[in-house]
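Worksheet for the structure shown next.
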Amino acid sequence: MTVRVRFAPSPTGYPHIGNIRTVVFNWLYARQQQGTFVLRIEDTDRERYVDDALHVITDSLTWLGIDYDEGPGVGGDYGPYVQSRRLQLYQDAAETLVAQGKAYRCNCSKERLDAVREAMRAEGKTPMYDGLCRDKPAGAVAQDEPHVIRLKVPREGLTTFHDVLRGDISFENALIDDQVLLKSDGYPTYHLAVVVDDHLMEISHVMRGDDWIPSTPKRILIYEALGWEPPTYVHVPLVLGPDGRKLGKRHGATSVDEFRRQGYLPEALLNFLALLGWAPGEGDEQEIFSREELIARFDIHRINLSPAVFSYDKLDWMNGVYIRNLSPDELLVRLIPFWTDAGLIPTPVPVEILRTLEILVPLVQERLKTLKDVVELTDFVFQEVPVPTLEALMPKNMSAEQSLEAIRATQRLLSGLVQFTAEEMEPRMRALATELGLKAGPLFGIVRNAVTGKQVSPPLFGSLQAVGRARTLKRLEVAERVLTAHLG
RNA sequence: GGCCCCAUCGUCUAGUGGCCUAGGACGCUGGCCUCUCAAGCCGGAAACGGGGAUUCGACUUCCCCUGGGGCCA
């Protein structure tokens, strides 16, 4: 059997990271089985429609490297792939069921439905439609008067479906409402549209969050009424926030686009998501997987059953691993947008600044958890730094006189260098420390504070090289003045 | 509230009756390295929710409870 799976988002905004994890599972399965991955847009809820959401969705998928074989923009033999252009198909399906007596027209008013529900609730029962129109003779509600079409759900028995991961799951029909299939405006309800589309698009596996389990019997009943074979269901666990609740807006960064802007690498995010609820097992302890390895090794039968908490800590670690594994050239390319977005460098990047960036990249590579971290780490190269405080210039056990002497000696040393490079500086500065009777640490610390304006910086001499001789000396002068002023 | 799903370190997980004195990873933590911070290396603390049943033997099978989550209202 050919595997055909789909991602069917509503165009209501940025795809959510929890849903994307499920998309990753679908996509990995499709690629591994050499099946087809379909993108379908479920836009029948016209009120929630967000303009341009389609692009947001496809951009997110593209960025993550999730490609699709059929869908809006790429075509396919099962189109259209946008539900609002398939309305006739849903109407036909609903009318067929009415003609066969498996569904019926219902013209109950909203007021009556509310009253019915209220009454049932008062009795302590689950509010459901009472079936008034169900028992009317066929044709009692005319086709041209406002009405909805409801499914005639069996009043007794069980509806059972098979889930690949959990086995058979059953629900009592008596608890399932005579669900509306077609609304009075001719639009399908969500479940009817999905069933019709999945069937017509020959979707073989429906892999979705397990929060959909309770609605599955409704769909099975529609399949049965239409005489169609349901797909294979794989309900995967939800992704939870750190508070143990279904991951949502309240948990901060949750859209793919936000992760991109925060400086996560798509390959790291993909790796991380694939491991949320899945592991290779069999004693294998590998955690870093390339895209190809994930495709080859993914196994839907090994998807965990329990929900997984999204760990930003682990994602940060994994992102750092991926950053360290990049070549310096590749890292530079990925870093540039973050420098420009922060306003530290102009676009396009002038050649002399590019040289500086090339110096910086190896210095920051193993210090980055996210690409965005580079901004805070290297801003001193592109901006003025604050005047250093006295404390910053006076390490413990050092007097102001000693500090001043150290800074003046450093100024002389750096001005005299033939080449202003880290390689030239380091051995001489170490020798200088010895001459001054200091350890390297305190001396370097003074210079670091004076030139970078920070207690913590990338390796000192590379940083000085990036700042350049003129500005380095200027900043040392400022520090010198701070100390002379203090000494009066 | 009704129905449904789930249950190994704080988190992600390995484990499918004896290989478990429960393994790995993140995080936390002690140390080494070291110009700061990282990275790297070595070490540590940290879990089978509870009770029955099956079995010579249960993390692993079954039942109940508890807990968490979800859907509907």
Side-chain angles (χ1 to χ4, degrees), chain A residues 18 21 117-118 120-121 124-128 158-159 161 163 165-167 169-177 179 208-218 235-248 271-288 301-321 323-325 362-369 373 376-377 392 395 422 425-426 429-430 432-433 438-449 451-452 454-464:
Chain A
R21 198 284 314 265
R117 267 194 228 109
E118 204 44 58
M120 297 187 81
R121 204 168 314 169
K125 291 196 224 159
T126 305
M128 287 173 62
L158 294 175
T159 292
F161 68 93
D163 181 275
L165 300 174
R166 296 157 218 261
I169 301 175
S170 298
F171 290 82
E172 279 186 59
N173 291 334
L175 299 175
I176 301 173
D177 207 352
Q179 53 179 310
R208 21 121 77 155
D210 67 13
D211 48 342
W212 288 101
I213 289 177
S215 76
T216 307
K218 292 184 182 182
H235 287 98
V236 306
L238 295 177
V239 178
L240 274 27
D243 60 353
R245 323 245 352 210
K246 186 174 166 181
L247 196 64
N271 191 158
F272 176 76
L273 290 175
L275 257 36
L276 260 191
W278 173 79
E282 292 163 351
D284 193 325
E285 284 161 358
Q286 184 178 346
E287 303 224 60
I288 303 297
H301 299 285
R302 288 193 55 86
I303 295 173
N304 273 298
L305 262 33
S306 41
V309 174
F310 191 99
S311 165
Y312 289 88
D313 277 340
K314 187 147 188 177
L315 173 60
D316 282 350
W317 165 77
M318 193 172 279
N319 203 52
V321 171
I323 286 175
R324 275 170 248 132
N325 286 342
L363 303 182
V364 299
Q365 183 154 22
E366 64 192 24
R367 282 161 241 272
L368 299 175
K369 278 186 159 56
D373 287 344
E376 216 184 303
L377 217 48
M425 284 177 232
E426 178 155 359
M429 285 293 287
R430 286 190 187 283
L432 177 63
L438 295 172
K439 293 210 169 212
L443 173 64
F444 295 3
I446 295 169
V447 178
R448 165 175 291 111
N449 273 292
V451 180
T452 71
K454 296 172 193 285
Q455 296 271 62
V456 170
S457 80
L460 181 61
F461 303 109
S463 298
L464 299 190

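Letters A, B, ... are given to chains in the order of the sequence lines, protein chains preceding strands, and every chain is numbered from 1.
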Interatomic distance where CZ belongs to Arg208(A) and C1' belongs to C5(B) [whole Å]
13 Å
Assign each of Val456(A) and Leu276(A) the nucleotide of RNA chain B bearing its closest heavy atom; nearer the 5' end lies the nucleotide of Leu276(A)
Protein-proximity profile, nucleotides 20-28 of chain B, B/S/- by nucleotide at the 4.0 Å heavy-atom cutoff, equals ---SSBSS-
Considering heavy-atom distances to RNA chain B, does Ser306(A) or Asp284(A) have its closest nucleotide positioned more toward the 5' end?
Ser306(A)
Check whether any side-chain N or O of Asn304(A) sits under 4.0 Å from OP1 or OP2 of A7(B), and answer yes or no.
no
For Lys218(A), side-chain contact (heavy atoms from CB on, under 4.5 Å) partners two or more places apart
Ile176(A), Gln179(A), His191(A)
Taking donor-acceptor contacts at under 3.5 Å, does the side chain of Arg166(A) reach the base of C5(B)?
no
Watson-Crick or G-U wobble partner for A25(B), using a 3.5 Å limit on both distances?
U11(B)
Round to the nearest Å and state the distance from Leu238(A) atom CG to C71(B) atom P.
7 Å
Would you tell me if any nitrogen or oxygen in the side chain of Arg117(A) comes within less than 4.0 Å of OP1 or OP2 on A73(B)?
no
Could you let me know what C56(B) is paired to, Watson-Crick or G-U wobble, both distances under 3.5 Å, or none if it's on its own?
G18(B)
Do the side-chain N or O atoms of Lys218(A) get closer than 4.0 angstrom to the phosphate oxygens (OP1, OP2) of C71(B)?
no
Starting at atom CZ of Arg245(A), determine the distance to atom P of C71(B), rounded to an integer number of angstrom.
9 Å
Re C3(B): Watson-Crick or G-U wobble partner, both distances kept under 3.5 Å, found to be G70(B)
Check against side-chain hydrogen bond (donor to acceptor under 3.5 Å, both in side chains), His235(A) and Arg166(A)
CA-CA 8 Å; His235(A) 287 98; Arg166(A) 296 157 218 261; 5.5 Å; no
Do Glu376(A) and Lys454(A) sit within salt-bridge range, that is, some charged N less than 4.0 Å from a carboxylate O?
no
A47(B): pairing nucleotide in any strand, Watson-Crick or G-U under 3.5 angstrom
none
Below 4.0 angstrom from OP1 or OP2 of A14(B), is there any side-chain N or O of Arg302(A)?
yes
Rounded to whole Å, how long is the line connecting atom CG of Leu305(A) with atom P of C6(B)?
5 Å
Using whole Å, report how far CG of Asn325(A) lies from C1' of A39(B).
12 Å
Residues forming a side-chain contact (heavy atoms from CB on, under 4.5 Å) with Arg448(A), sequence neighbours excluded
Thr452(A), Ser457(A), Leu460(A)
Would you call Arg367(A)-Asp373(A) a salt bridge at under 4.0 Å N-O?
no
Does C41(B) have a Watson-Crick or wobble mate here (both distances under 3.5 Å), and if so which one?
G31(B)
